[in-house]
Each structure stands twice: as structure tokens, then as C-alpha cells.
A.B. asks: 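Please read through the structure below; I'll follow up with questions.
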2 protein chains.
Amino acid sequence: MSRQMVRPGGRSARVQASVHTAVRELEAEVGRDGLTVPLIAQRAGVTPSTIYRRWGDLAQLLSDVAVERLRPDTTPRDHGGLETDLTAWAEQFLDEMASPAGRAYIRDALLGDPDGSNAGQCSAYAADQVDVILTRAAERGEDTPGVETVVDHVVAPLMYRILFRPAGLDSAHARELVAGLLEGNAAGK
Amino acid sequence: MSRQMVRPGGRSARVQASVHTAVRELEAEVGRDGLTVPLIAQRAGVTPSTIYRRWGDLAQLLSDVAVERLRPDTTPRDHGGLETDLTAWAEQFLDEMASPAGRAYIRDALLGDPDGSNAGQCSAYAADQVDVILTRAAERGEDTPGVETVVDHVVAPLMYRILFRPAGLDSAHARELVAGLLEGNAAGK
DNA sequence: TCCCCAGAAGCAACAGATTTGCTTTAAGGT
DNA sequence: ACCTTAAAGCAAATCTGTTGCTTCTGGGGA
């Protein structure tokens with residue numbers, strides 16, 4: 001389980017917040033590679049051992065912060081039709097995730113994640129967004145594929161290329177994936 | 001570039017070999033999390049600074065070792081038909097990659113890989129295997145999709161789930177992906 | 001063949017990161 | 001208001017990474 005929910009209202013929460021803030025500020029100031037636990041602790045007004053005890057190590061702390069930053073901040077825009085909605089969403093997803101910053105967050109999220117829960121969270125974010133789009137389409141009466149199908153045929157290929165083949169990845173490919181999905185089998189699962 | 005090819009015949013090569021061996025042995029003895037650079041150095045009969053200078057840090061060393069272990073050791077078996085070949089390959093791929101050990105190697109390969117070359121190598125291994133299968137099918141006169149299509153619709157979904165959604169992943173899903181690919185559009189790209 | 005050079009490895013001292021036992025603080029429940 | 005307990009602070013001990021300098025090794029040229 002992520003270390004997010006720890007006595008939501010007390011000192012722990014304050015510490016957690018100040019540590020997360022310190023990470024974000026320092027990342028901007030000294031860069032991703034300049035981050036160290038003692039440095040973060042100092043900025044957060046906390047002792048290093050607090051961080052070590054709560055997060056284990058820098059990797060897990062960064063993983064937590066990365067997941068936060070990967071949380072979508074808006075609901076997918078409604079363009080009036082499934083294909084346009086999905087295409088626009090996929091393009092934006094790719095844009096955000098394939099950027100150097102996005103890649104770094106994904107890596108951090110995966111890296112400090114012994115049990116896979118943070119990675120699962122990221123995947124859930126994407127699945128939720130897709131679900132919103134599909135539900136909307138279904139309400140319009142459109143014939144929609146299942147969330148799993150979209151994840152397999154759109155989200156996964158994009159993420160795979162982001163992680164394993166940094167080159168040759170553009171929004172045209174995102175559009176093709178969506179198009180291929182909808183023409184082939186609009187009624188998957 | 002991977003740190004593999006360094007003066008293939010001299011002392012460097014011996015050091016590299018003994019370090020890699022030490023990593024594999026120790027991983028078996030103390031477990032993935034018990035590994036440290038000094039420990040590996042001692043076992044390899046080398047000073048820690050040698051490792052730090054050549055590999056930078058533990059993550060990058062592990063990444064190198066992981067890529068080695070992810071290299072397929074056999075050519076995909078020939079079952080006489082595209083669908084059977086692909087299905088069998090996908091099931092085996094999933095088996096190997098989704099195991100705890102496989103997941104750990106993939107993570108290691110991805111994480112200690114600043115420039116993405118090790119990840120690219122892993123992806124290339126899979127693509128090569130798929131290519132062998134497709135080429136064989138084409139020679140039989142079968143109608144085959146392109147390698148990219150197979151990577152997008154079979155390899156990527158499997159890898160995505162392995163990394164982001166450890167649960168609910170079985171060979172049935174691998175079979176479905178292959179079936180979906182071949183029924184939908186046998187002549188992709 | 002012998003000698004020289006460049007690239008690696010060894011060594012050792014150092015800086016800083018991590019771990020840990022114990023003490024102190026403060027949320028949350030009664 | 002009091003108790004319980006999880007979490008934070010503190011400080012000493014330990015271990016990991018870093019660095020300057022020396023020594024070794026193997027390949028190439030005279």
C-alpha cells in the first residue's frame with residue numbers, strides 16, 4: 001500500500017506534506033540527481049531518520065512523489081464522439097508521458113516500488129480516464145470496446161514504446177492505435 | 001552502449017566476467033536486496049572503486065547483468081503455422097517475463113539505464129524473435145502482419161501488464177491477444 | 001623483440017549516506 | 001484530562017560511494 005494514508009490529520013500528515021513539498025522544490029532547484037535524503041530532510045525541517053523510517057529510501061520516496069505527479073488533473077475533454085475523445089486523450093497522454101519529465105516520473109514510480117502498488121496506481125489512473133470516455137460514449141448510445149481492450153491496444157503500446165523504444169514515437173502513432181482499435185472490433189469484451 | 005565490449009581479451013575482460021559471475025552467484029545466495037557493490041567486489045576479487053568507475057553504480061551493473069539474462073537462448077520453435085508459433089512464443093514469453101525473477105530482471109534492466117540502450121536491447125530481443133516467426137510464416141506463403149503490429153498488440157500489452165498490473169495475467173490472455181491480432185487484421189502494416 | 005603509452009585496476013583516505021537504539025512528542029480514543 | 005501508541009527527534013556507529021594518486025597490463029610501433 002502506498003504511504004499516503006497515515007493519520008490523515010496529524011503531525012504525520014504535516015511531515016508527509018512538507019517532505020513531498022521539499023522534494024518538488026529541490027527537484028526544481030538542484031535537479032533530479034542532486035536529490036539526497038539528508039538534503040530533503042533539511043529542507044522539510046525533519047530529521048533524515050524520519051524519512052528513512054517512513055519511506056525506506058530515496059527511491060521509494062521519489063516513487064510516491066512521482067505517482068502524485070502522474071495523477072491526471074482533469075477529466076478527459078468531451079469532443080462529442082468516442083473516436084475524437086479517445087484520440088485526443090491518447091495524444092495528450094503520449095505528450096505528457098513521453099516528455100523527459102514524464103519519462104523520469106514513470107521511471108521513478110516503477111523504481112521505488114517493491115510491491116507494485118505504485119505502478120498499479122498509475123495504471124489505474126489511465127484506466128479511469130479511459131473509463132470516463134467509454135462511459136460517456138455508451139451513454140450516447142455508441143458501441144464501445146471494454147476498458148481492458150483499450151488499455152491493451154492503446155495505453156500499453158504507447159507505454160511500451162516510451163519505456164523500451166524512446167525513438168520514433170509521435171502523435172500520429174497514437175492516432176493510428178485508436179483508429180485500429182475502433183475499426184477492428186468496436187465491441188471488444 | 002552497454003559496457004560489454006571492453007578490450008575483449010585482456011584484464012578488463014577478466015574483471016568484467018568475474019564481476020558478472022559474482023553478481024549472479026551472490027544474487028542466488030543473499031537475494032536481490034542483499035547485493036551491494038562492496039560485497040560484489042569482494043567476491044569478484046576486485047576493489048569497489050573498479051566497479052564504481054566502470055559501471056557507475058549498482059543499478060547500472062545490475063542492468064547490464066539483467067539484459068544478459070533476458071537474452072533469449074533459443075530460436076522460437078516451429079509448429080508449422082503462424083498462429084500456433086506466435087501463440088506458443090507469447091505464452092513462453094509471458095511465462096519467463098511474468099515470473100518474479102523475470103519481473104526483477106526487467107525492472108533492473110529498465111532502471112539502471114540512463115540512456116535507454118539496455119531497454120532498447122530487450123525490446124530488440126523480442127522483436128527479433130517475432131521477426132523470425134513472421135519470416136517463417138511469410139516463406140510458407142501465409143499472410144502476416146508486420147513486426148511493429150505484433151509488438152504493439154502482443155508484446156506491449158503483456159509487458160505493460162507485467163510492469164503495471166502484476167495481477168490477473170495468464171496464458172489465456174496471451175492467447176487472446178494473438179487471436180485478436182490475427183483475426184482482426186492479418187495484414188497490418 | 002623490446003620499449004613506450006594509454007587505459008584500467010589497486011590503494012587509501014575521505015565525505016556523506018544509511019542504520020539503529022533510545023528518548024521524546026503528540027494524535028486519538030476512553 | 002489521561003493513556004496508549006505510532007511516529008519523530010537525536011546521536012553514535014557503520015557502511016557506501018568518491019577521489020587523487022600509484023601501479024600494472026596489454027597493444028602498437030620502432
Side-chain angles (χ1 to χ4, degrees), chain A residues 1-23 25-27 29-66 68 108 111-114 117, chain B residues 1-23 25-27 29-65 108 111-115:
Chain A
M1 186 74 278
S2 184
R3 298 135 205 91
Q4 237 59 249
M5 36 205 55
V6 190
R7 297 218 184 183
R11 180 160 69 152
S12 296
R14 282 197 303 280
V15 167
Q16 155 133 340
S18 71
V19 168
H20 276 218
T21 303
V23 170
E25 290 178 3
L26 287 171
E27 189 171 2
E29 291 171 28
V30 306
R32 169 69 177 65
D33 294 334
L35 293 178
T36 68
V37 170
L39 185 65
I40 294 166
Q42 183 185 33
R43 170 67 62 100
V46 149
T47 57
S49 63
T50 295
I51 294 185
Y52 288 118
R53 285 215 238 257
R54 268 199 41 188
W55 281 276
D57 60 16
L58 181 60
Q60 292 181 64
L61 169 55
L62 292 183
S63 179
D64 265 12
V65 174
E68 253 182 38
D108 283 345
L111 173 53
D113 189 22
S117 59
Chain B
M1 190 66 277
S2 184
R3 296 137 206 88
Q4 236 61 248
M5 35 205 57
V6 191
R7 296 221 185 182
R11 180 159 68 154
S12 296
R14 283 197 301 280
V15 168
Q16 153 131 341
S18 71
V19 168
H20 276 220
T21 303
V23 169
E25 289 178 3
L26 287 170
E27 189 170 3
E29 291 171 27
V30 305
R32 169 68 177 66
D33 293 336
L35 293 178
T36 69
V37 171
L39 185 64
I40 293 166
Q42 183 185 32
R43 170 67 62 102
V46 148
T47 55
S49 63
T50 294
I51 295 185
Y52 289 122
R53 286 215 238 260
R54 267 196 45 187
W55 282 278
D57 59 18
L58 182 61
Q60 291 181 64
L61 169 56
L62 292 182
S63 180
D64 264 13
V65 175
D108 285 345
L111 299 172
D113 189 22
D115 60 357

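Reminder, nothing fancy here: chain letters follow the sequence lines and each chain counts from 1. The basis for the numbers below is simple: all heavy atoms, side chains too, and nothing from hydrogens, waters or symmetry mates.
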A.B. asks: For A/I40 and C/dT18, what is the distance between atoms CD1 and C1' respectively, to the nearest whole Å?
C.D. replies: 14 Å
A.B. asks: Before you tell me yes or no, could you show the steps for B/T50 and B/T47 under side chain to side chain contact (heavy atoms under 4.5 Å, CB included), namely the whole-Å CA-CA distance, both residues' side-chain angles and the distance that decides it to 0.1 Å?
C.D. replies: CA-CA 6 Å; B/T50 294; B/T47 55; 3.2 Å; yes
A.B. asks: Under 6.0 Å from the CD atom of B/E29, do we count more than 12 heavy atoms belonging to anything else shown?
C.D. replies: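 Correct, the count exceeds 12.
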A.B. asks: Looking only at heavy atoms, which two atoms of B/I40 and B/L26 are closest? And how far apart?
C.D. replies: CA-CD1, 3.6 Å
A.B. asks: Any N or O donor-acceptor pair under 3.5 Å from the base of D/dC15 to the side chain of B/T36?
C.D. replies: no
A.B. asks: Which nucleotide wins on minimum distance to the side chain of B/P38, given the candidates C/dT18, D/dT16, D/dA7?
C.D. replies: D/dT16
A.B. asks: So does B/R53 reach the base of D/dG20 with its side chain, donor to acceptor, closer than 3.5 Å?
C.D. replies: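 For B/R53, whose side chain was compared with the base of D/dG20, there is a donor-acceptor pair (under 3.5 Å).
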A.B. asks: Which of the following nucleotides, D/dG17, D/dC10, C/dG10, is nearest to the side chain of A/S49?
C.D. replies: D/dC10
A.B. asks: Looking at B/R54, does any N or O in its side chain come under 4.0 Å of the phosphate oxygens OP1/OP2 on C/dG10?
C.D. replies: no
A.B. asks: Nearest to the side chain of B/R14 - C/dT19, D/dG26, C/dA27?
C.D. replies: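 In terms of side-chain proximity for B/R14, the closest of C/dT19, D/dG26, C/dA27 is D/dG26.
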A.B. asks: When you check the phosphate oxygens OP1 and OP2 of C/dG10, does a side-chain N or O of B/T47 lie under 4.0 Å from one of them?
C.D. replies: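 The answer is yes; a side-chain N or O of B/T47 sits under 4.0 Å from OP1 or OP2.
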A.B. asks: Are OP1 or OP2 of C/dT19 and a side-chain N or O of A/Y52 less than 4.0 angstrom apart?
C.D. replies: no
A.B. asks: Between D/dT16 atom P and B/L61 atom CG, what is the distance in whole Å?
C.D. replies: 15 Å
A.B. asks: Please report the interatomic distance CG(B/D113) to CG(B/D115), rounded to the nearest 0.5 Å.
C.D. replies: 5.5 Å
